[in-house]
Novice: 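My questions will all concern the structure given below.
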Amino acid sequence: MANYAEMWKDLGMDLEAHDALCAVLPTAFGDVYLSQENRPEGMGFWDMVVADIHGIRPAELIEAQKKGQKVFGTFCVYVPDEVVIAADGIVTGLCGGSQFWVPGGEKVLPKSTCPLIKASVGARLERTCPFFRIADMYVGETTCDGKKKAWEILGQDVPMHIMDMPQMKRPQDVKKWEDEIKAFAHVVEEFTGNQITPEKLGDAIHIINEKRKALARLYEARKAKNIPISGRDALLVMQIAFFDDPVRCAQMTNKLADELEQRIADGVSVFPAGTKRILLSGTPMAIPNWKLHQIIETSGAAVVCEENCTGTRYFENLVDETKNTLEEQYAAIAQRYMGVNCACFTPNTGRVDDILRLAKEYDVDGVIDVNLKFCCLYDTEGYTVEKALKDAGIPVLGLETDYTDADAEQLRTRIQAFVEML
Ligand code: BJ8
């Protein structure tokens with residue numbers, strides 16, 4: 001591993017606390033990832049990225065900043081990367097997925113806040129995540145109440161732009177989202193000093209669509225009877241996709257997909273025949289939250305799909321590439337993003353339709369619907385999701401968890417019992 005101590009120091013990070021984080025990550029990664037057998041060779045790229053997760057990509061971002069590019073940190077899949085890329089900006093995800101950061105968040109937020117928000121705020125305030133230090137601007141959104149209030153704290157010493165999300169999906173709401181995207185584009189242009197032209201926006205739309213198509217290929221491979229990649233590995237690819245350069249992400253994922261397609265042709269599987277297939281639905285799993293996948297896949301089942309924002313919600317549906325004017329392009333972008341079905345919308349029947357569709361497409365034996373503790377949106381929607389699945393005759397298990405290991409054994413017992421009855 002290269003030595004990035006100087007870089008972290010220059011970023012104003014708390015080196016001692018950061019060392020403590022760096023000390024636990026390799027063990028966690030080894031336990032969850034390197035212990036697996038017969039992994040696709042292509043995963044070597046992601047193993048390398050994780051081994052230096054606070055080094056390689058941050059160093060690239062700093063280099064880009066030296067050349068005048070701006071880095072935008074985002075927290076939600078509704079924020080359109082296309083707009084930033086069209087102005088020669090760079091997007092990096094900022095959602096926190098480690099318990100390590102939660103106590104820092106709890107110093108300023110109510111304990112009864114979802115761990116994703118607490119970890120994100122903790123990572124910023126405790127100065128232990130280089131991505132939070134590097135981002136020139138944070139982009140928040142008015143999705144859930146916890147996030148809305150967290151922006152007021154996170155934005156105290158970093159420029160913060162907040163996108164006002166509609167709460168419904170009527171035609172006037174989609175129009176409102178289009179206006180919001182245009183307003184964001186204006187902010188991005190001002191901040192970067194670069195004008196967004198139809199050509200540049202068209203190129204950016206294409207880049208992100210190609211990334212989506214590559215991720216969709218990875219997921220397509222998971223539909224096979226002989227499962228060529230574990231859920232853990234697929235999740236890792238998704239998690240890193242939020243940080244990586246989008247062109248490289250597409251290249252590496254396509255390469256991995258080539259290998260997976262070959263594995264399918266050769267009848268290679270990472271699970272024994274007859275392993276139960278699970279669809280995981282619910283709240284996103286930010287890196288390094290591998291907890292549920294690890295428990296499920298060491299309890300006799302395989303995760304074959306994630307209906308969440310570190311899963312299908314991130315890549316399904318493309319932006320229409322046939323539009324030539326900014327006006328039409330922004331409308332096409334708004335259309336695509338309003339096709340994402342997050343529980344922050346009401347009604348949100350599209351999500352139930354998605355889950356039923358995915359259960360069929362991935363030929364699953366059961367669904368595990370999970371929400372992060374204190375996420376009222378997904379917890380409440382769990383009622384509707386579970387009812388729809390039961391009505392369709394698909395076994396479902398509803399779970400609530402956080403980033404700690406405190407409930408790991410209890411979860412394992414429940415998941416094992418669920419898998420046994422499938
Ligand atoms: S589009 S899921 S990324 S808002 S932070 S809502 S878990 S209490 S993350 Fe999300 Fe965008 Fe929706 Fe996806 Fe609940 Fe926590 Fe809020 Fe969360």
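Bear in mind that the values here come from a model prediction, so they are computed numbers and not experimental data. Order of appearance sets the numbers: ligands from 1, and atoms from 1 within every ligand.
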Novice: Would you call the rings of Phe72 and Phe191 parallel, tilted or perpendicular, taking 30° and 60° as the class edges?
Specialist: perpendicular
Novice: Hey, is Pro284 one of the residues with a heavy atom under 4.0 angstrom from ligand 1?
Specialist: yes
Novice: Can you name the atoms of ligand 1, numbered from 1 with element, that are less than 4.0 Å from a heavy atom of Cys76?
Specialist: 1 (S), 3 (S), 4 (S), 11 (Fe)
Novice: Using a 4.0 Å cutoff against the non-hydrogen atoms of Cys342, which atoms of ligand 1 qualify?
Specialist: 1 (S), 2 (S), 4 (S), 12 (Fe)
Novice: Tell me whether the guanidinium CZ or amine NZ of Lys169 lies under 6.0 angstrom from the six-membered ring centre of Phe345 and within 45° of its axis.
Specialist: yes
Novice: Does the protein come close to atom 1 (S) of ligand 1 - that is, does one of its heavy atoms sit below 4.0 Å from that atom?
Specialist: yes
Novice: Where's the contact between Ile117 and ligand 1, heavy-atom distance under 4.0 Å: side chain, backbone, both or neither?
Specialist: side chain
Novice: Which part of Glu141 is near ligand 1, with near meaning a heavy atom under 4.0 Å away: side chain, backbone, both or neither?
Specialist: neither
Novice: Using a distance-only test with no angle check, is there a side-chain donor-acceptor pair under 3.5 angstrom linking Asn348 and Arg351?
Specialist: no
Novice: Report yes or no: is the cationic atom of Lys182 (NZ for Lys, CZ for Arg) under 6.0 Å from the centre of the six-membered ring of Tyr330, at an angle within 45° of the ring normal?
Specialist: no
Novice: How long is the gap from CD on Glu420 to CG on Leu422, to the nearest 0.5 Å?
Specialist: 10.0 Å
Novice: Examine Cys114 and say whether one of its N/O/S atoms is closer to atom 16 (Fe) of ligand 1 than 2.8 Å.
Specialist: no
